[in-house]
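First the structure, in the form of structure tokens, and then the observations on it.
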Amino acid sequence: VCFWLTSIRPPQPKTQLNFEAFEFVEPPPSKPSVFAFLFIFCSLLLLLQAPSNMSRHPEVLWAQRSDKVYLTISLPDAKDISVICDPQGLFSFSAMGVQGESFDFSLELFGKIVPEGCKTNVGLRNIICSIQKEEKGWWKRLLKSEEKPAPYIKVDWNKWCDEDEEESNSDLASDDDDAMYVGQDDESSDDEGLLYLPDLEKARGN
């Protein structure tokens, strides 16, 4: 019985936490590191320099005939215009805008072209390029790639001519169709006409 009595533990009191004894200390605010300041500074610097160095793409409208492709580049009062046509079908354009911004783009056309037969007319509101195909025929698309063209490249439905329409309208398929593109810009009706690329280089030199 004595052993039994000594083995029995008295009931333990329940532990109660005194929250008033605890003091909650708020951690100090973390200070931004030097790397964070450098990252923000470099980001702002890039944003400030982007408008002056970034090249933009003007809107390009295209239409075709069996022997030519027409590109109408919407760029008013363009300066320092450069047009390069490669026989393999690479077309490159660059120019300066009114406010000195740079515009340029390069297109890998669907087929080969004849650089000597490419003409360019510079108007007040746009630049019209007539590109001669090496082989007469209708291209399935403007570019060699089957991917969707860039958003700035659109079909010029005002100048578009289907194959059956060209056969029924021989004047649209002749070389004289360049004239209707010259008079299209109301403010540039006094232009002498489309110039071959060598003549355009001479005109810029004068």
Side-chain angles (χ1 to χ4, degrees), residues 55-98 101-163 165-166 172-189 191-201 203-204:
S55 177
R56 304 179 182 179
H57 297 135
E59 184 182 57
V60 180
L61 304 179
W62 80 281
Q64 70 169 323
R65 301 292 183 268
S66 60
D67 58 341
K68 296 180 181 179
V69 172
Y70 294 97
L71 299 180
T72 302
I73 305 168
S74 302
L75 193 59
D77 299 325
K79 301 177 182 179
D80 300 333
I81 300 172
S82 175
V83 178
I84 301 176
C85 292
D86 185 84
Q88 298 300 321
L90 183 61
F91 177 88
S92 300
F93 172 87
S94 64
M96 297 293 292
V98 179
E101 61 271 40
S102 176
F103 293 86
D104 70 80
F105 64 89
S106 295
L107 304 177
E108 188 176 3
L109 302 178
F110 181 80
K112 296 181 179 180
I113 59 178
V114 181
E116 295 78 10
C118 297
K119 308 175 186 179
T120 300
N121 175 53
V122 180
L124 296 179
R125 292 184 297 181
N126 51 40
I127 299 99
I128 304 174
C129 300
S130 172
I131 304 172
Q132 183 177 347
K133 300 177 181 178
E134 183 181 70
E135 295 182 0
K136 190 174 182 180
W138 290 83
W139 290 356
K140 297 180 181 179
R141 52 188 178 273
L142 175 64
L143 304 180
K144 186 176 182 179
S145 175
E146 297 182 0
E147 297 180 359
K148 186 178 180 180
Y152 66 90
I153 302 176
K154 302 177 182 179
V155 176
D156 193 348
W157 297 112
N158 293 328
K159 301 185 183 68
W160 190 263
C161 179
D162 294 328
E163 188 173 357
E165 294 177 352
E166 185 184 51
L172 294 178
S174 64
D175 291 338
D176 296 335
D177 62 348
D178 297 336
M180 70 177 180
Y181 293 95
V182 177
Q184 180 172 304
D185 191 346
D186 297 336
E187 299 180 5
S188 59
S189 58
D191 293 338
E192 296 179 0
L194 292 167
L195 298 176
Y196 286 96
L197 291 182
D199 297 333
L200 180 63
E201 296 293 338
R204 288 206 305 266

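Index from 1, following the sequence.
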Apply side-chain hydrogen bond (donor to acceptor under 3.5 Å, both in side chains) to Lys159 and Gln64, showing your working.
CA-CA 8 Å; Lys159 301 185 183 68; Gln64 70 169 323; over 6 Å; no
Is there side-chain contact between Glu101 and Met96, with heavy atoms separated by less than 4.5 Å?
no
Between Lys68 (side chain) and Cys118 (backbone), is there a donor-acceptor pair under 3.5 Å?
no
Is any side-chain heavy atom of Thr120 less than 4.5 Å from a side-chain heavy atom of Ile127?
yes
What heavy-atom pair brings Ser130 and Tyr70 nearest, and what distance separates the two atoms?
OG-CE2, 3.6 Å
Between Phe91 and Cys85 the two heavy atoms that sit nearest each other are CD1-SG, 3.7 Å
Measuring from Trp62:CH2 to Leu142:CG, what's the distance to the nearest 0.5 Å?
5.0 Å
Decide, yes or no, whether a salt bridge links Lys112 with Glu135 under the criterion of side-chain N to carboxylate O below 4.0 Å.
no
Would Ile73 and Cys129 satisfy side-chain contact (heavy atoms from CB on, under 4.5 Å), going step by step from the backbone distance to the final call?
CA-CA 8 Å; Ile73 305 168; Cys129 300; 4.3 Å; yes
Just wondering, do Cys161 and Arg65 contact through their side chains at under 4.5 Å, heavy atoms?
yes
Between Pro58 and Ser74 the two heavy atoms that sit nearest each other are CB-O, 3.7 Å
Which heavy-atom pair separates Leu71 from Leu107 by the least distance, and what is that distance?
CD1-CD1, 4.2 Å
If I take atom NE2 from residue His57 and atom CD1 from residue Ile153, how far apart are they, to the nearest 0.5 angstrom?
9.0 Å
In Å and rounded to the nearest 0.5 Å, what is the CZ to OG distance from Arg56 to Ser102?
9.5 Å
Walk me through whether Trp160 and Asn158 qualify under side-chain hydrogen bond (donor to acceptor under 3.5 Å, both in side chains).
CA-CA 6 Å; Trp160 190 263; Asn158 293 328; over 6 Å; no
Is Leu124 close to Pro76 at the side-chain level, that is, under 4.5 Å between some pair of heavy atoms?
no
Residues which pass salt bridge (charged side-chain N to carboxylate O under 4.0 Å, His left out) with Lys79, listed by chain and number, not counting sequence neighbours
none
In Å, rounded to the nearest 0.5 Å, how long is the span from CG of Leu109 to CH2 of Trp139?
5.0 Å
Separation between CD (Glu146) and NZ (Lys140), nearest 0.5 Å, reads 8.0 Å
Looking at every non-hydrogen atom in both residues, tell me the closest pair between Ser66 and Lys136 and how far apart they are.
OG-CE, 3.0 Å
Are any non-hydrogen side-chain atoms of Phe93 and Leu75 less than 4.5 angstrom apart?
yes
Nearest non-hydrogen partners of Lys133 and Val69, listed with the distance:
CE-CG2, 3.6 Å
Checking Arg141 side chain against Leu143 main chain: does a donor-acceptor pair fall under 3.5 Å?
yes
Any chance you could measure Leu61, atom CG, to Asn126, atom CG, to the nearest 0.5 Å?
8.5 Å
